[in-house]
Structures are given as C-alpha cells and as structure tokens.
Amino acid sequence: MDRDAQIKMMKQHVGIEAARLVEDGAVVGLGTGSTAVFMIEELGRRVRSEGLRIVGIPTSYDAAVRARSQGIPVRTLDDVERIDIAIDGADEVDPMKCLIKGRGAAHTREKIIDALAKVFVVVVDESKLVDRLGTTCPVPVEVLPMAIAPVMRRLRDLGGTPVLRMGVKKDGPVITDQGNMVVDVTFDEIDDPAGMERTLNNIPGVVENGLFVGVATIILVGQLNMDGAISVRRIE
Ligand code: 5RP
C-alpha cells in the first residue's frame, strides 16, 4: 500500500471512531475535509441503521451537502441553543493541542462551531502531528476582498509571506462560503500561537484566521503500527 493509501485508511479509521463518540439526541458540529467526510458517512450509517437521532450543524456548504445526502438532519445556529460535540479535521496539531485549520477555506465557520461545542474532537492522521505550528503548512487568513492589498502589506510587516489562494478548476481567487478571499501566510516560526492568532484577527479587514488555540478537547490520531495495522490514539 502506498503512503497516500495508508493516510486515507488512517483518516477512515479515525473518522469512524469519532462518529462512535456521538450519543443519541446530540447536536453535532459537522467538520469539513476528507477526514470529516468519513465521520459524516459513519454518522449517516448510524442514523439509518441504528436509529440514532441527531441534529447536525455543518461547518461549510460542503459538510451540509454531505450530511443531507447521508440522511442527517441539518440545522443552523439559529435553531439550537447548544452544540454537544463537534468533530473536525486539522492540518497541523502541536503538543499543546493548538491547531492550524483552513486548507479547505472553511476555518471561519469551523472556528465558530468548534469553539461553541462542549467537546471538540479533532480527527487527524499521524502526519498532522508537529512539534511547532507552521512547520508543514501556512496559516490561512480569510480577508474581505476590498481589504486584500493592505492586509497583505501588514502580513509582510509581521514577517510573513502571504500568498492569495487561487482556485482549482476555477479561474481567479478562491471565494469562501462567506464571499471572502483567503491569504495563506507562511511564517518562519510561530513562537506564540495565541498571540499570533490575536494579532492576525486584529488586522482591519481580516475576518478570521486558521490558528485554533485552546479550542480542541480531544485529539484522535490515526496511526500505522509496526505490524502494519492501523490504530487510533486518543490525546486528552
Ligand atoms: C478545512 C479544514 C480541514 O478540516 C483540514 O484541512 C483537514 O482536512 P483533511 O481531513 O482533508 O486533511 O480545516 O477548512
């Protein structure tokens, strides 16, 4: 099995394991991304075959479409007073359970919903664990389109290298579910993720950034064992 196939298997295991944590009657934040898809599919299976009664609060149009196709009832934040559990992927996880999210440009809604949840379960494969955030991926920053130029200047002043995210199979920039653009910012080092999260969000024109500090409750990590079997490690 090649590495891509192994990673897909790890994502599948961890997504299914996370879906098993959801209890009857729960309001569930539904994450975005290829790992979250496995969780949504397993929840759908449980709804259809076990009669699990849940309400899903999707973190993106993509999660909403996938949840509906699985028979999971979908609601908005206007309809619920609590979120019992949110399950979502991440691009990097550090030893303090701080995250970088937003490869799918969904980090603004993800942060709102994941932060509201009583329990936020992060589902990742082992390749996402890093000693220091920013090692393998940039920090996505969602920006109002009219503020792109000054925000990019400010990001350079902060020592970052900002790149406007461009569409795939779409000419021009990526447009988020909120109608904004995304700037991916590479920093040499992120020594203080909490400070950086605040600094980025203080730039006028920035809607939200992909640093998630103090939000995650549990990290479930899909890992490949020496014997070739895949297991799920839980970090609390
Ligand atoms: C989307 C996200 C995703 O959760 C994150 O990119 C992880 O994705 P995947 O499970 O496909 O690796 O933050 O905005």
Side-chain angles (χ1 to χ4, degrees), residues 29 31-36 58-63 77 86 88-117 120 122 124 127-217 219:
T32 302
S34 57
T35 318
T59 55
S60 61
Y61 290 140
D62 184 58
L77 289 176
D88 204 347
D91 303 308
E92 283 188 350
V93 181
D94 82 1
M96 302 303 293
K97 296 190 289 189
C98 299
L99 319 173
I100 291 181
K101 287 183 52 53
R103 181 208 43 79
H107 53 283
T108 297
R109 291 187 193 209
E110 290 175 330
K111 198 180 284 189
I112 294 167
I113 289 164
D114 297 344
L116 276 172
F120 171 29
V122 182
V124 290
S127 72
K128 306 290 186 68
L129 299 183
V130 295
D131 288 333
R132 186 185 276 253
L133 291 182
T135 312
T136 65
C137 67
V139 179
V141 178
E142 180 163 350
V143 183
L144 284 171
M146 56 87 72
I148 280 290
V151 167
M152 287 184 75
R153 274 198 297 274
R154 179 76 185 114
L155 291 168
R156 275 187 212 101
D157 290 347
L158 289 171
T161 306
V163 175
L164 183 63
R165 191 182 296 185
M166 302 305 279
V168 176
K169 291 196 180 176
K170 185 254 179 202
D171 293 340
V174 165
I175 303 297
T176 68
D177 289 1
Q178 292 71 243
N180 297 314
M181 295 181 186
V182 176
V183 177
D184 290 309
V185 195
T186 303
F187 293 98
D188 282 345
E189 289 186 345
I190 302 175
D191 292 327
D192 173 14
M196 181 63 85
E197 183 181 16
R198 281 193 300 272
T199 300
L200 294 175
N201 279 359
N202 270 341
I203 303 172
V206 167
V207 178
E208 188 53 87
N209 72 84
L211 287 165
F212 283 45
V213 177
V215 185
T217 320
I219 316 286

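The basis for the numbers below is simple: all heavy atoms, side chains too, and nothing from hydrogens, waters or symmetry mates.
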> How close do Val213 and Cys98 get, heavy atom to heavy atom, and via which atoms?
Replying inline: CG1-SG, 3.9 Å

> Listed by chain and number, what are the side-chain contact (heavy atoms from CB on, under 4.5 Å) partners of Ile175, not counting sequence neighbours?
Replying inline: Lys170, Met181

>> Between Leu155 and Leu200, is there a side-chain heavy-atom distance shorter than 4.5 Å?
In response: yes

>> Could you check whether any side-chain N or O of Asp91 sits under 3.5 Å from a backbone N or O of Gly102, counting only pairs where one atom can act as donor and the other as acceptor?
In response: yes

> Taking all non-hydrogen atoms of both residues, which atom of Ser60 and which atom of Ala63 are closest, and how far apart?
Replying inline: OG-N, 2.9 Å

>> With heavy-atom distances below 4.5 Å as the criterion, would you say the side chains of Arg154 and Val206 are in contact?
In response: no

> Can you tell if the side chain of Asp88 reaches within under 4.5 Å of the side chain of Ile113, non-hydrogen atoms only?
Replying inline: no

> Between atom CZ of Arg109 and atom CG of Leu77, what is the distance when rounded to the nearest 0.5 Å?
Replying inline: 9.5 Å

>> I'd like to know whether CE of Met166 has more than 12 heavy-atom contacts from other residues, nucleotides or ligands below 6.0 angstrom.
In response: yes

> Do Lys97 side-chain atoms and Ile219 backbone N/O form a donor-acceptor pair below 3.5 Å?
Replying inline: no

>> As an exercise, state the distance from CG of Leu158 to CZ of Arg153, rounded to the nearest 0.5 Å.
In response: 13.5 Å

>> To the closest 0.5 Å, what do you measure between CD1 (Ile203) and CZ (Arg198)?
In response: 14.0 Å

>> Heavy-atom count check: over 12 atoms from other residues, nucleotides or ligands less than 6.0 Å from Asp188 CG?
In response: no

> What residue among Leu211, Val185, Asn201, Asn209 forms side chain to side chain contact (heavy atoms under 4.5 Å, CB included) with Met196?
Replying inline: Leu211

> Between Ala147 and Pro204, what is the shortest heavy-atom contact and its length?
Replying inline: CB-O, 4.4 Å

>> Once rounded to the nearest 0.5 Å, what's the spacing between atom CG of Asp177 and atom OG1 of Thr32?
In response: 7.5 Å

> Closest approach of Val183 and Leu164, non-hydrogen atoms and distance?
Replying inline: CG2-CD1, 4.3 Å

>> I need the Asp94 CG to Leu99 CG distance, nearest 0.5 Å.
In response: 8.0 Å

>> Go through it in stages, so that I can follow the logic: the residues are Val124 and Thr35, the test is side-chain contact (heavy atoms from CB on, under 4.5 Å), and I'd like the CA-CA distance, side-chain angles, deciding distance and then a yes or no.
In response: CA-CA 7 Å; Val124 290; Thr35 318; over 6 Å; no

>> If you define the side chain from C-beta out and look only at heavy atoms, does anything of Glu110 sit under 4.5 Å from Phe120?
In response: no

Residues 130-142 side chain polar contacts: donor-acceptor under 3.5 Å, at least two apart:
{"unit_1": "Arg132", "atom_1": "NH1", "unit_2": "Asp191", "atom_2": "OD1", "d": "2.6"}
{"unit_1": "Thr135", "atom_1": "OG1", "unit_2": "Arg132", "atom_2": "O", "d": "2.3"}
{"unit_1": "Thr136", "atom_1": "OG1", "unit_2": "Glu92", "atom_2": "OE2", "d": "2.5"}
{"unit_1": "Glu142", "atom_1": "OE1", "unit_2": "Thr108", "atom_2": "OG1", "d": "2.6"}
{"unit_1": "Glu142", "atom_1": "OE1", "unit_2": "Gln178", "atom_2": "NE2", "d": "3.2"}
{"unit_1": "Glu142", "atom_1": "OE2", "unit_2": "Thr176", "atom_2": "OG1", "d": "2.8"}
{"unit_1": "Glu142", "atom_1": "OE2", "unit_2": "Gln178", "atom_2": "NE2", "d": "3.0"}
{"unit_1": "Glu142", "atom_1": "OE2", "unit_2": "Asn180", "atom_2": "ND2", "d": "2.9"}

> Can you name the closest pair of heavy atoms from Phe212 and Lys101 and give their distance?
Replying inline: CE2-CD, 3.6 Å

